[in-house]
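These notes are about the structure you will find just below.
All figures in this text were calculated on a predicted structure; none of them were measured in a lab. Below, chain A is the first sequence line, B the second, and so on; all start at residue 1.
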Amino acid sequence: MNLFRLVADLMHLVSIFILLLKMQKTRSVAGRCSRISFKTQALYATVFLTRYTDLFANFQSLYNTTMKVFFIASSLYIVFLMKFKFKATNDPRLDTFKAQYVVGGAAALALIVNYAFTVQEVLWTFSIYLEAVAILPQLFMLTKTGEAEVITTHYLFALGTYRGLYLVNWIYRYWTEYYVDWIVWIAGAVQTGLYCDFFYIYFTKVLKGAKFELP
Amino acid sequence: EPKEAIHDEL
């Protein structure tokens, strides 16, 4: 474990707490001008469920196991909140990204490009590829509504920073322990890349107190 | 190369 990865995981936690806070505070999944994509949250739940199949078989540390349980539980809870508790505020007509394309693409790629052709390894690889593109429905929704509440932008900032810091962690691990993992490196780079234009708007506007509006 | 990948990251 290194500081980059620890802070990255904490940013991931923060993003989940921001989302839960937003939903509890506004008691909805849609604010005045921004919405949370149910598809993205369902994709994240899928990512954690397919990645942590080794939850009981591969004990790394108490930290690792605790975080895995938290990510699975929180992502399922968020899906539950959106699907049941705050269902009335969830408008599927605005969540129009074709999620089946990214699920199908990630599954096909995981069957072709993986480290071992075993059920667990292919599921893990699928979860890595899926996580890279799981934010697309949310970003797509943002482009449709054209603006977002500040708390939604903080959620996206934390989420983007988590994987961005993992890139730094991978550089550090390659440099210190010759750790190489092409699949997570490339997927992580794509994942962080998807946030670039968001980060640009976030840093140039939101942090200056302006509203988050797409040009 | 196929390796029994033990994934130590989240």
Subject >> Contacting moiety of A:Asn64, where chain B heavy atoms sit under 4.5 Å >> reply: both

Original post:
Does A:Ile128 reach the side chain of B:His7, with side-chain heavy atoms less than 4.5 Å apart?
Top reply: no

Identify every side-chain donor-acceptor pair in residues 136-144 of chain A under 3.5 Å, counting partners at least two apart or on other chains, and give the distances.
unit_1, atom_1, unit_2, atom_2, d
A:Gln138, OE1, A:Ser37, N, 2.7
A:Gln138, NE2, A:Arg35, O, 2.9
A:Thr143, OG1, A:Phe140, O, 2.4

Subject >> Contacting moiety of A:Trp170, where chain B heavy atoms sit under 4.5 Å >> reply: side chain

**OP:** Please check if atom OH in A:Tyr200 has more than 12 non-hydrogen atoms from other residues, nucleotides or ligands closer than 6.0 Å.
**Re:** no

Subject >> Between CD on residue B:Glu9 and OH on residue A:Tyr179, distance to nearest 0.5 Å >> reply: 3.5 Å

Subject >> Enclosure of A:Phe203 CZ (heavy-atom neighbours >12, cutoff 6.0 Å) >> reply: yes

**OP:** Using non-hydrogen atoms and a 4.5 Å limit, figure out which bit of A:Asn169 sits close to chain B: side chain, backbone, both or neither.
**Re:** side chain

Subject >> Nearest non-hydrogen partners of B:Leu10 and A:Tyr52, listed with the distance >> reply: C-OH, 3.4 Å

Subject >> Interface residues of residues 1-15 of chain A facing chain B - heavy atom cut-off under 4.5 Å >> reply: A:Arg5, A:Asp9

Original post:
Is atom CZ of A:Phe199 surrounded by more than 12 heavy atoms (other residues, nucleotides or ligands) closer than 6.0 Å?
Top reply: yes

Original post:
Just wondering, more than 12 heavy atoms not from A:Tyr101 lying within 6.0 Å of its OH?
Top reply: no

**OP:** Identify which part of A:Phe71 has an atom lying under 4.5 Å from any heavy atom of chain B, answering side chain, backbone, both or neither.
**Re:** side chain

